[in-house]
Asker: 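Provided herewith is a single structure, encoded as structure tokens, for subsequent inquiry.
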Amino acid sequence: MGKESAVNRLPSLQALLEEESLDALLLTSPVARYYATDIFTTAGMVLITRQGGTFYTDFRYIEAARAHPSGYAAEMINHARPYREAVGEALARTRVKTLGFEQDTMTLTEYEALSRALPVDFVPAHKALHRRRRAKDAEELTRMEEAQRIAERGFLETLPLIRAGMTERALRAELIARLYRAGADQLSFDPIVVAGPGAARPHGEAGDRPIARGDFLIMDFGVVRRGYCSDTTRTVAVGTATDEMRRVYDIVLRAQRRGIEAARAGVTGREIDAAARDLIAEEGYGEHFGHGFGHCLGLEVHEPGGASPSEESPLPAGAVLSAEPGIYLPGRFGVRIEDVIVLTGTGARNLTALPKDLLVVG
Ligand code: ZN
Ligand code: ZN
């Protein structure tokens, strides 16, 4: 069941060994295995040495692993030949001394069992792997745009259904159904649908309160397509909007544009965040923007790095991050606008195509 794939990350991961002075890298999390091989397996290990790559998996996935076009050898694991034995033989054969591993996703039990069985130095490689994953390649960007388009279609088909009197929970169900119908493989996360005073809590839960005329309604949603996540937030007014609501919406939108204008490869997440944060503070709402400007995303909807006051390292070309400032007035209303951007040498390209002018619906 071979499938043509443009994905061959073995050379890139072998270059990582060189850069990090590792003899080998052992990938144990489903996400990292997928990144390396483009095959999703619930069980498996991928070993990358300077000589090549091996995909260890069980009966359920061995056919897919064998058909892999990009140069990984496939080895079947079973009760008689467990992972630690197969990997141990390969490490001995290739004289591996230092083995990078994913310390942030391996459990202590797994670590103890593996480190007892394998006579090599285990070197934490989670950070280096995420640095590599942060700069997305062309195939990843294609998939992320595809995910964005699907989510946008689902959202646009949901908009005409919004009515005062409908509960947040009912609207969330309509949105979820349309995201799947538009082509979602999964959802990036359970959509956030909050209105009125509930929208003043950035990650509030949809509830049974009916959406009312004059509410701001925040919808934050994303889909997974071919492994990659989208993430979008739009705030719409239901029926009517006061001058204050329009003013706050406009500040958030200008702050988002300011942050996006500041974004390009080589700047730090802190600088991008500050561009938006300073504008909101100048307008007098500084204390009401309590979260970061954005987070990195890709195979996971939240990946390490992003744009917040604590991000001091420069972001690379190809980094994909959300641009999602907000203003939240407790007990009253909230506004958040979220796009997803990719950094280039000269600026940022917006992967989100939805319009952002204030929409009054229902
Ligand atoms: Zn979001
Ligand atoms: Zn987000």
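Being a predicted model, the structure only gives us computed values, none of them experimental. We number each residue from 1, following the sequence as shown. For ligands, and for the atoms within them, numbers begin at 1 and follow the listed sequence.
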Asker: Less than 3.5 Å apart, which donor and acceptor atoms pair up between the side chains of residues 156-167 and the rest of the protein, not counting sequence neighbours?
Answerer:
unit_1 : atom_1 : unit_2 : atom_2 : d
T158   : OG1    : G154   : O      : 2.7
R163   : NH1    : P160   : O      : 3.3
T167   : OG1    : A170   : N      : 3.0

Asker: Distance from T233 atom OG1 to L354 atom CG, nearest 0.5 Å?
Answerer: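 T233 OG1 to L354 CG: 10.5 Å, rounded to 0.5 Å.
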Asker: For R270, I'd like to know if atom CZ has over 12 heavy atoms of other residues, nucleotides or ligands within 6.0 Å.
Answerer: no
Asker: Tell me whether the guanidinium CZ or amine NZ of R33 lies under 6.0 angstrom from the six-membered ring centre of F55 and within 45° of its axis.
Answerer: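 Not flagged: R33 not positioned over aromatic ring of F55.
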Asker: At a cut-off of 2.8 Å, list the protein N/O/S atoms near the Zn ion (ligand 2), residue plus atom name.
Answerer: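 Result, waters dropped: D231 OD2, H295 NE2, E324 OE2, E338 OE2.
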Asker: Count I, L, V, M, F, W, Y as connected when their side-chain heavy atoms are under 4.5 Å apart, and connections chain through other members. Are V224 and L179 then in the same cluster?
Answerer: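 Looking at the clustering, L179 is in a separate group from V224.
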Asker: Any ion pair linking D339 and K356 (charged N to carboxylate O, less than 4.0 Å)?
Answerer: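 Result for this pair is yes, salt bridge flagged.
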